[in-house]
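For reference, the structure discussed in these notes is given below.
Just so you know, these numbers come straight off a predicted model, no measurement behind them.
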Amino acid sequence: MKSLIFLTLLLGLHALAEDQRVTALVMQGDLEERQGHPQAALEDFLDAEKIDAKNVGVLLRVSKQYSDQIDEAKSVAAAEKVAQKSIEYAQRALAMDPRNAKAHLSLAVAYGRLSGFVGDKTKLEYSRIVKDETGRSIQLDPNDDFAWYVLGRWNAAVAKVGGMVKIMANMVYGGLPPASNEEAAKCLKKAVELAPQRVMHHAELARVYKAMGKTGLATKEWQTVLAAPASDKEEEKEQRDARTALGMLSTSLGR
């Protein structure tokens with residue numbers, strides 16, 4: 001899951017006023033990220049960690065930066081390494097503040113990203129972690145649209161699991177947690193309700209509707225994606241994908 005990633009986690013400054021050097025580094029790192037300089041942002045956050053290694057906001061920012069680096073890695077080994085780092089920092093943040101909703105969500109996202117580099121048995125283990133940690137995040141903050149987005153994507157992914165993986169899940173774990181495209185759509189609609197401006201929520205909901213055979217609803221969501229102003233490369237990609245999807249749909253209907 002790209003998130004995830006996918007996500008700007010909207011992390012608040014977490015007890016940063018105790019040291020103005022940390023505050024300055026975090027603010028600079030946030031600016032670097034907004035300007036599209038992820039490596040510079042990571043270096044700022046790591047410098048902040050050297051000053052205050054127990055600051056949850058700093059740890060979560062580092063976790064997110066490592067997670068975002070996965071797609072840019074030049075080899076599978078490098079991608080797996082940064083995914084592991086993302087998990088490590090999310091776990092450290094969670095140890096510092098077990099009731100921090102963003103810490104639970106960061107851990108879910110990190111395990112979701114790492115699942116792309118492991119075998120089916122481990123993937124199943126990680127899938128359960130993603131579900132559980134996202135659920136805990138929502139319990140702590142039910143108004144976090146990103147958490148609903150992640151849960152929606154989890155349902156859509158598990159709903160597509162093939163027969164052999166399901167058999168393995170039944171043998172090892174007694175089955176997969178319940179998941180369906182219907183539940184995915186419900187979660188993604190909640191994400192849209194909470195943050196209608198986010199392109200990725202509409203794009204993912206469109207994909208789920210298409211999988212459900214609800215082409216009219218999918219078309220509406222793709223049109224919403226195209227009508228929104230793209231704020232970054234990810235949203236530009238979602239718009240290209242939406243344009244392609246609408247074109248293919250139009251062709252299939254003979255229009």
Side-chain angles (χ1 to χ4, degrees), residues 1-11 30 33-38 41 64-73 79 82-83 86 102 105-106 108-110 112-116 130 134 137 143-160 179 181-253 255:
M1 176 183 320
K2 183 168 167 52
S3 85
L4 274 154
I5 57 182
F6 46 70
L7 316 176
T8 299
L9 290 176
L10 298 183
L11 303 169
D30 288 346
E33 182 175 24
R34 289 194 298 272
Q35 293 178 339
H37 306 133
K64 179 184 182 296
Q65 291 305 313
Y66 279 129
S67 179
D68 288 350
Q69 284 186 4
I70 293 172
D71 287 342
E72 307 302 323
V82 292
S86 180
K102 290 298 186 187
L105 184 58
S106 292
V109 170
R113 302 299 301 278
L114 184 59
S115 66
V130 172
T134 306
S137 180
N143 294 317
D144 186 342
D145 61 292
F146 287 120
W148 286 105
Y149 169 84
V150 173
L151 188 58
R153 286 198 58 165
W154 179 88
N155 271 277
V158 173
K160 292 188 292 186
N181 282 322
E182 289 74 17
E183 188 64 22
K186 177 181 175 182
C187 293
L188 291 165
K189 285 168 66 176
K190 180 66 174 179
V192 167
E193 175 190 328
L194 291 167
Q197 77 281 8
R198 298 202 203 286
V199 167
M200 66 184 190
H201 297 344
H202 294 281
E204 192 63 29
L205 183 55
R207 285 188 279 268
V208 170
Y209 279 146
K210 181 177 182 294
M212 296 170 70
K214 297 183 176 182
T215 55
L217 291 175
T219 296
K220 181 180 177 181
E221 295 301 325
W222 277 320
Q223 289 172 338
T224 300
V225 169
L226 291 176
S231 61
D232 56 29
K233 292 182 179 179
E234 287 301 322
E235 293 190 350
E236 290 174 0
K237 181 181 182 303
E238 291 288 16
Q239 290 184 334
R240 290 194 299 271
D241 290 347
R243 198 170 289 110
T244 299
L246 287 172
M248 292 176 64
L249 182 60
S250 178
T251 299
S252 70
L253 295 175
R255 295 176 182 172

Ignoring hydrogens, what is the shortest heavy-atom contact between His201 and Ala191? Give both atom names and the distance.
CD2-O, 3.4 Å
Mind running salt bridge (charged side-chain N to carboxylate O under 4.0 Å, His left out) on Glu204 and Arg207 for me, showing each step along the way?
CA-CA 5 Å; Glu204 192 63 29; Arg207 285 188 279 268; 3.0 Å; yes
Can you name the residues that form a side-chain contact (heavy atoms from CB on, under 4.5 Å) with Leu226, not counting sequence neighbours?
Gln239, Ala242, Arg243, Leu246
Does the side chain of Lys189 come within less than 4.5 Å of Lys186's, by heavy atoms?
no
At their closest point, which heavy atom of Ala185 faces which heavy atom of Met212, and how far apart are they?
CB-SD, 4.2 Å
Which atom of Ala108 lies closest to which atom of Thr134, heavy atoms considered:
CB-OG1, 3.3 Å
From Asp145 atom CG to Met200 atom CE, the distance as rounded to the nearest 0.5 Å
6.5 Å
Sorted by first residue and then second, give each side chain to side chain donor-acceptor pair (under 3.5 Å) pair with at least one member in residues 216-227; sequence neighbours left out.
His202-Glu221
Nearest 0.5 Å, please: how far is CG in Leu249 from NZ in Lys210?
8.5 Å
Mind checking the CD1-CZ spacing from Ile70 to Arg113? Nearest 0.5 Å is all I need.
4.0 Å
Determine whether Thr215 and Tyr209 make a side-chain contact, defined as any pair of heavy atoms from C-beta on separated by less than 4.5 Å.
no
Shortest non-hydrogen separation from Leu188 to Gly152 and the atoms involved
CG-CA, 4.1 Å
Where Ala179 and Trp154 come nearest, the two heavy atoms and their spacing
CB-CZ3, 3.6 Å
In Å, rounded to the nearest 0.5 Å, how long is the span from CG of Leu151 to CD of Glu183?
7.0 Å
What closest approach, in Å, do Ser86 and Ser67 show between heavy atoms, and which atom pair accounts for it?
OG-CB, 3.5 Å
For Asp232 and Glu235, indicate whether the former's side chain and the latter's backbone hold a donor-acceptor pair under 3.5 Å.
yes
Quick check for you: to the nearest 0.5 Å, what is the distance between Arg198 atom CZ and Phe146 atom CZ?
3.5 Å
Are side-chain heavy atoms of Asp144 and Lys102 found at a separation under 4.5 Å?
yes
Check ion pair Glu193-Lys190 (N to O, under 4.0 angstrom):
yes
Do Ser106 and Lys64 come within less than 4.5 Å of each other through their side chains, counting heavy atoms only?
no
N-O pairing of Asp241 and Lys237 below 4.0 Å
yes
